[in-house]
Amino acid sequence: MASILGKMSAMVQYLFTDEPRRPELSPPLKWAGGKRWLVPDLRPLWQAHDHRRLVEPFAGGLAVTLGLRPERALLNDVNPHLINLYRWLRRGMMVEIPLENNSETFYSHRERFNKLIQLRQEETKEAAELFYYLNRTCFNGLCRFNSKGEFNVPFGKYANIGYVRDLWDYARLLSAWDFSLGDFSRLDVEQSDFIYADPPYDVEFTTYSAGGFSWNDQVRLVEWLSSHPGPVVASNQATPRILELYKKHGFTLKTVQAPRRISCTGDRTPALEMIAYKNLD
């Protein structure tokens, strides 16, 4: 009973305190392809429009939204486990499962997480806690599922992991943000919204890229973005056909160097990232 009363008291304190409601927070997850490094380039484009609602069709690890800290946001993704975690963070979450950096705990938690998926209990708080733990502990923070829908990323073997049990700080910031699950084309976007889109990278010479986002999806996205009358910013790998696609649809383009990446050949050449924008005046 005392524990329940303590949590209720904490909720009141977080949601109704007179302190600033937009604290600076790091992304709660490790997320492949996260754009935290790109925030300094995006912030000048956002600042003149920070009174608007920020819409992210591909929310991912929340690095950009947490970096820009909008008062209102609509954040979408196709990953149901990701959105479930964010919805629990918005309510206020204390992680209660064991957080141990060892393979025995990892594979036990992974088995339990997959069991919850089988039982269709993937929207529970326990599932959110397990997803948080698996993300922080698995190899490279990957999010991968097999044909049965089971999480199958192996143990990461990190020397140290900065687990955080008390995630209540996110409740204050996320309280004015909405989270949705599904394809970007079904988003309920308002004309005045500021859209930032960071889809899965285009991979040249293939019809499939990470996350199952095909070239037809890239084209479909640009057409959808072009139809929006409000401010639009997009980022992607600066492949020739991506640059041509956005230029063809009237976007202003610039390229920046992404963080150094190590390819399978050992090539450390910095990749080029495209930033495309429209309707910012």
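Everything numeric here is computed off the predicted structure, so don't read it as measured data. This chain uses plain numbering: 1 for the first residue, then up along the sequence.
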Side-chain donor or acceptor of [X] paired with backbone N/O of [Y] under 3.5 Å:
| X | Y | value |
| --- | --- | --- |
| Trp168 | Leu89 | no |
| Ser175 | Arg172 | yes |
| Arg87 | Phe179 | yes |
| Asn84 | His81 | no |
| Arg110 | Val153 | yes |
| Asp193 | Val55 | no |
| Tyr133 | Val95 | no |
| Thr105 | Asn102 | no |
| Asn114 | Glu111 | no |

Spatial distance of atom [atom1] ([X]) from atom [atom2] ([Y]) [nearest 0.5 Å]:
| X | Y | atom1 | atom2 | answer |
| --- | --- | --- | --- | --- |
| Arg53 | Trp177 | CZ | CH2 | 13.5 Å |
| Ile117 | Glu122 | CD1 | CD | 6.5 Å |
| Ile161 | Asn135 | CD1 | CG | 10.0 Å |
| Leu75 | Leu54 | CG | CG | 6.5 Å |

Under the side-chain contact (heavy atoms from CB on, under 4.5 Å) test, residues paired with Pro98 that sit two or more places apart
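side-chain contact (heavy atoms from CB on, under 4.5 Å) list for Pro98, sorted by chain: Glu100, His109.
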Is the number of heavy atoms from other residues, nucleotides or ligands under 6.0 Å of [X] [atom1] greater than 12?
| X | atom1 | value |
| --- | --- | --- |
| Phe139 | CZ | no |
| Glu123 | CD | no |
| Gln191 | CD | no |

Hey, are the side chains of [X] and [Y] touching, using non-hydrogen atoms and a 4.5 Å cut-off?
| X | Y | result |
| --- | --- | --- |
| Pro70 | Asp50 | no |
| Pro57 | Leu187 | yes |
| Met274 | Tyr246 | yes |
| Trp215 | Ile242 | yes |
| Leu38 | Ile275 | yes |
| Arg36 | Pro27 | yes |
| Phe131 | Leu29 | yes |
| Asp183 | Val78 | no |

Those residues that, when tested against [X], pass side-chain hydrogen bond (donor to acceptor under 3.5 Å, both in side chains) (two or more places apart):
| X | result |
| --- | --- |
| Arg52 | His49 |
| Tyr196 | Ser235 |
| Asp77 | none |
| Ser180 | Asn76 |

Among Leu42, Leu225, Asp41, which residue satisfies the side-chain contact (heavy atoms from CB on, under 4.5 Å) criterion with Val233?
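With Val233 as partner, side-chain contact (heavy atoms from CB on, under 4.5 Å) holds for just one option, Leu42.
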What closest approach, in Å, do [X] and [Y] show between heavy atoms, and which atom pair accounts for it?
| X | Y | value |
| --- | --- | --- |
| Gly230 | Asn279 | O-ND2, 3.0 Å |
| Cys143 | Asn79 | SG-ND2, 3.2 Å |
| Arg241 | Asp202 | NH2-OD1, 2.8 Å |
| Ala238 | Leu243 | O-CD1, 4.0 Å |
| Gly61 | Trp31 | N-CD1, 3.4 Å |
| Phe213 | Pro199 | CE2-CB, 3.8 Å |

Can you sort out the partners of Trp224 under ring pair (Phe, Tyr, Trp, His ring centres under 6.0 Å), two or more places apart, ordered by chain and number?
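Trp224 satisfies ring pair (Phe, Tyr, Trp, His ring centres under 6.0 Å) with Phe184 only.
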Can you name the ring pair (Phe, Tyr, Trp, His ring centres under 6.0 Å) partners of Trp46, sequence neighbours left out?
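Result, ring pair (Phe, Tyr, Trp, His ring centres under 6.0 Å) vs Trp46: Phe194.
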Qualifying residues under salt bridge (Lys or Arg N to Asp or Glu O under 4.0 Å), relative to [X], sequence neighbours excluded:
| X | result |
| --- | --- |
| Glu129 | Lys125 |
| Glu126 | Arg112 |
| Asp198 | Lys35 |

Scan for side chain to side chain donor-acceptor pair (under 3.5 Å) pairs involving residues 139-163, sequence neighbours excluded, and state none if there are none.
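Pairs touching residues 139-163 that pass the test: Lys30-Tyr158, Gln118-Glu150, Thr137-Tyr163, Arg144-Asn152, Asn146-Glu150.
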What class does the angle between the rings of Tyr107 and Phe155 fall in, given that below 30° is parallel, 30 to 60° is tilted and above 60° is perpendicular?
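Taking Phe155 first and then Tyr107, their aromatic rings sit tilted (interplane angle of 30° to 60°).
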Using residues 248-258 as the side-chain source, report each donor-acceptor pair under 3.5 Å to any protein atom, sequence neighbours left out, with the distance given to one decimal.
{"residue": "His249", "atom": "ND1", "partner": "Leu245", "partner atom": "O", "Å": "3.0"}

Would you please say whether a donor-acceptor pair under 3.5 Å links the side chains of Gln218 and Tyr201?
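No, no side-chain donor-acceptor pair sits under 3.5 Å.
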Should the pair Arg220-Asp217 be classified as a salt bridge under the 4.0 Å nitrogen-to-oxygen rule?
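Salt bridge present between Arg220 and Asp217.
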